[in-house]
Number of protein chains: 2
Amino acid sequence: MSSPKQIPTSIASTAHNHDRCISSAMQTARQVCSRSGARMTSLRENVLRLIWQSHQPLGAYKLMDMLAAASTRRVAPPTVYRALDFLLEQGLIHRINSLNAFIGCTHPSTRHANNFLICKACGIAIEFAYQGLQTSIDQTAAEFGFSIDAQSIELIGHCANCQATGGAPQP
Amino acid sequence: MSSPKQIPTSIASTAHNHDRCISSAMQTARQVCSRSGARMTSLRENVLRLIWQSHQPLGAYKLMDMLAAASTRRVAPPTVYRALDFLLEQGLIHRINSLNAFIGCTHPSTRHANNFLICKACGIAIEFAYQGLQTSIDQTAAEFGFSIDAQSIELIGHCANCQATGGAPQP
DNA sequence: TGCGTTATGTTATATAATAACATGTTTGTA
DNA sequence: TACAAACATGTTATTATATAACATAACGCA
Ligand SMILES: [Zn+2]
Ligand SMILES: [Zn+2]
Ligand SMILES: [Zn+2]
Ligand SMILES: [Zn+2]
């Protein structure tokens, strides 16, 4: 598992037009599916959009409630989990293990790891990829003769913004 | 969060007398509690011993069954979760988020991170600390102005042993 | 011994995820 | 167009993981 060199700037942590952010993500998602021959159905698209609309990682049951609220009929867990599984397989979202929650991938078309900064105050999860770090990871694994299939790095603490403003703890 | 320099050799992956391994861990645990003024009760000791007896991370409910099997009376979830919370607070065990499971800490007396190599074939979880990696982690966080309270690195793949022997997948 | 603190027991419930099977939809092809 | 195979979604039930709230017991010290 290796990562592209990337300037470590958080999209989510800087002011931006999130609607454009979302529609761009949706378009990329359609391209990814088109390339892989997978079907981006309306359910899957709705799930992905809801995830992207949230700046914080979204739990499966929260997502389920949002889907139900938007569609008259009730929505059962398997519906949402199957959509999530699909999006995970396509690399369009990540699962954050320490939160049991899901978040949109900011660079789904490139093969990459699963690395997040998670703020305890505002709840934001910032995906990052950094070549130097990945090299250290790979070296460490190599010293143990360990071959990596997947990785999850979750750094829990306080984001720059919350440190500056004394951001209130998450509801 | 910083880690001591450590020769990357897995205790669990090399042949050893695990009974001595366990009793050493129990003794260290008593010292840690004694220093922090915490009470190492028999329940907590039993839980820690059971965790150490397993070479694989142990789930809370599995642990509950083992406790119940060993003690005539039934054991309820809060009993086990409170013991686990205590052991986590004392730094005597780690929680592996991707497995919802717990494992004994191999060096509880030093402040350190939560870094594991997890083998999909044999289920072993190897704790590691590596200064170069930690430096990269700290640098990455610094570039985002992010302050780290806790970290979890979980590398999932195949251990050296299983690669050599084609180890069977976990039950 | 008595009192405050800490630990454990007990019951109920919350939260997260999956199994198993039925029904609907799409897609390609005869 | 009709049909079949593959794929996606609906539905019901259950399993797995974790916590809330309150009762009782044990401990540690005055
Ligand atoms: Zn990503
Ligand atoms: Zn924040
Ligand atoms: Zn440790
Ligand atoms: Zn292995």
Side-chain angles (χ1 to χ4, degrees), chain A residues 29-30 33-34 36-48 50-51 54 56-68 70-90 92-103 123 152 170-171, chain B residues 29-30 33-34 36-48 50-51 54 56-68 70-90 92-103 123 152 170-171:
Chain A
R30 278 186 291 268
C33 288
S34 159
S36 71
R39 290 187 208 162
M40 177 54 88
T41 65
S42 70
L43 171 65
R44 291 164 176 174
E45 204 164 310
N46 290 338
V47 168
L48 183 58
L50 285 171
I51 289 176
S54 167
Q56 298 172 18
L58 214 50
Y61 278 70
K62 183 77 189 296
L63 198 45
M64 206 175 79
D65 292 345
M66 295 166 81
L67 281 173
S71 85
T72 71
R73 60 174 35 158
R74 74 181 275 267
V75 178
T79 300
V80 104
Y81 278 103
R82 281 189 288 229
L84 290 169
D85 286 345
F86 172 85
L87 296 170
L88 284 169
E89 269 165 27
Q90 298 296 315
L92 297 170
I93 60 173
H94 292 287
R95 181 177 198 276
I96 304 206
N97 290 322
S98 62
L99 301 176
N100 295 341
F102 302 86
I103 193 168
S152 158
Q170 259 330 86
Chain B
R30 278 186 290 268
C33 289
S34 158
S36 71
R39 291 190 209 157
M40 176 54 88
T41 65
S42 71
L43 171 64
R44 291 163 175 175
E45 204 164 309
N46 289 338
V47 168
L48 183 58
L50 285 171
I51 289 176
S54 167
Q56 297 173 17
L58 214 50
Y61 277 71
K62 182 77 189 295
L63 198 44
M64 206 175 79
D65 292 345
M66 295 165 82
L67 281 173
S71 87
T72 69
R73 60 174 34 159
R74 74 181 275 268
V75 177
T79 299
V80 101
Y81 278 103
R82 281 190 289 230
L84 290 169
D85 287 345
F86 172 86
L87 296 170
L88 285 170
E89 270 166 27
Q90 298 297 316
L92 296 170
I93 60 173
H94 292 286
R95 182 178 197 276
I96 303 204
N97 289 322
S98 62
L99 301 176
N100 294 341
F102 303 85
I103 192 167
S152 158
Q170 259 331 85

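These numbers come from a predicted model, not from an experiment. Numbers restart at 1 for each chain; the letters A, B, ... are given by sequence-line order, proteins then strands.
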Do any N or O atoms of the protein come closer than 3.5 Å to N or O atoms of nucleotides 23-30 of chain D, and which pairs are they?
none

(request) Select from Pro77(A) and Ser42(A) the residue whose nearest nucleotide in DNA chain D is closer to the 5' end of that strand. (result)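 Comparing both residues, the 5'-ward one is Ser42(A).
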
(request) Using the closest heavy atom to pick a nucleotide of DNA chain C for each, name whichever of Arg74(B) or Ala38(B) lands nearer the 5' end. (result) Ala38(B)

(message) Quick check: on DNA chain C, is the nucleotide nearest Ala101(A) upstream (toward 5') of the one nearest Ala76(B), or the reverse? Name the residue that is more 5'.
(response) Ala76(B)

Please report the distance, rounded to the nearest Å, between [atom1] in [X] and [atom2] in [N].
{"X": "Met64(A)", "N": "dT9(D)", "atom1": "CE", "atom2": "P", "result": "16 Å"}
{"X": "Leu99(A)", "N": "dT17(D)", "atom1": "CG", "atom2": "P", "result": "18 Å"}
{"X": "Tyr81(A)", "N": "dT11(D)", "atom1": "OH", "atom2": "P", "result": "19 Å"}
{"X": "Leu63(B)", "N": "dT17(D)", "atom1": "CG", "atom2": "C1'", "result": "13 Å"}
{"X": "Asn97(A)", "N": "dT15(C)", "atom1": "CG", "atom2": "P", "result": "20 Å"}
{"X": "Phe102(B)", "N": "dT17(D)", "atom1": "CZ", "atom2": "P", "result": "10 Å"}
{"X": "Leu84(B)", "N": "dT17(D)", "atom1": "CG", "atom2": "P", "result": "13 Å"}
{"X": "Glu45(B)", "N": "dT8(C)", "atom1": "CD", "atom2": "C1'", "result": "16 Å"}

(message) Heavy atoms from C-beta onward define the side chain here; which of dT18(C), dA7(C), dA8(D) lies closest to that of Arg44(A)?
(response)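 Nucleotide nearest to Arg44(A)'s side chain: dA8(D).
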
(message) Which nucleotide wins on minimum distance to the side chain of Leu43(B), given the candidates dT8(C), dA16(C), dT9(D)?
(response) dT8(C)

(request) Look at all strands and tell whether Thr79(B) reaches a base, only sugar-phosphate, or nothing, counting heavy atoms closer than 4.0 Å. (result) base

Identify, with sequence neighbours excluded, every residue that meets side-chain contact (heavy atoms from CB on, under 4.5 Å) alongside [X].
{"X": "Asn46(A)", "answer": "Arg49(A), Leu67(A)"}
{"X": "Ala101(B)", "answer": "Pro57(B), Leu99(B)"}
{"X": "Thr41(A)", "answer": "Arg39(A), Leu43(A), Arg44(A)"}

(message) If the condition is salt bridge (charged side-chain N to carboxylate O under 4.0 Å, His left out), which residues does Arg30(A) pass it with, not counting sequence neighbours?
(response)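 Applying salt bridge (charged side-chain N to carboxylate O under 4.0 Å, His left out) to Arg30(A) gives Glu45(A).
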
(message) Looking at Thr41(B), I'd like to know whether one of its side-chain N or O atoms comes within less than 4.0 Å of OP1 or OP2 on dT8(C).
(response)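 Yes, because at least one side-chain N or O of Thr41(B) sits under 4.0 Å from OP1 or OP2 of dT8(C).
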
(message) My understanding is that only residues two or more places apart in sequence, or in another chain, count here; which of them pass side chain to side chain donor-acceptor pair (under 3.5 Å) with Ser152(B)?
(response) Glu154(B)

(request) Report the C-alpha distance between Leu48(B) and Gln90(B) in whole Å, list the side-chain angles of each, state the deciding distance to 0.1 Å, and finish with yes or no for side-chain contact (heavy atoms from CB on, under 4.5 Å). (result) CA-CA 12 Å; Leu48(B) 183 58; Gln90(B) 298 297 316; over 6 Å; no

(request) Give the minimum heavy-atom separation between Leu84(B) and Leu63(B), together with the two atoms involved. (result) CD2-CD2, 3.8 Å

(message) Once hydrogens and angles are ignored, does a donor-acceptor distance under 3.5 Å link the base of dA16(D) to the side chain of Tyr61(B)?
(response)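 In this structure, the two groups form no donor-acceptor pair.
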
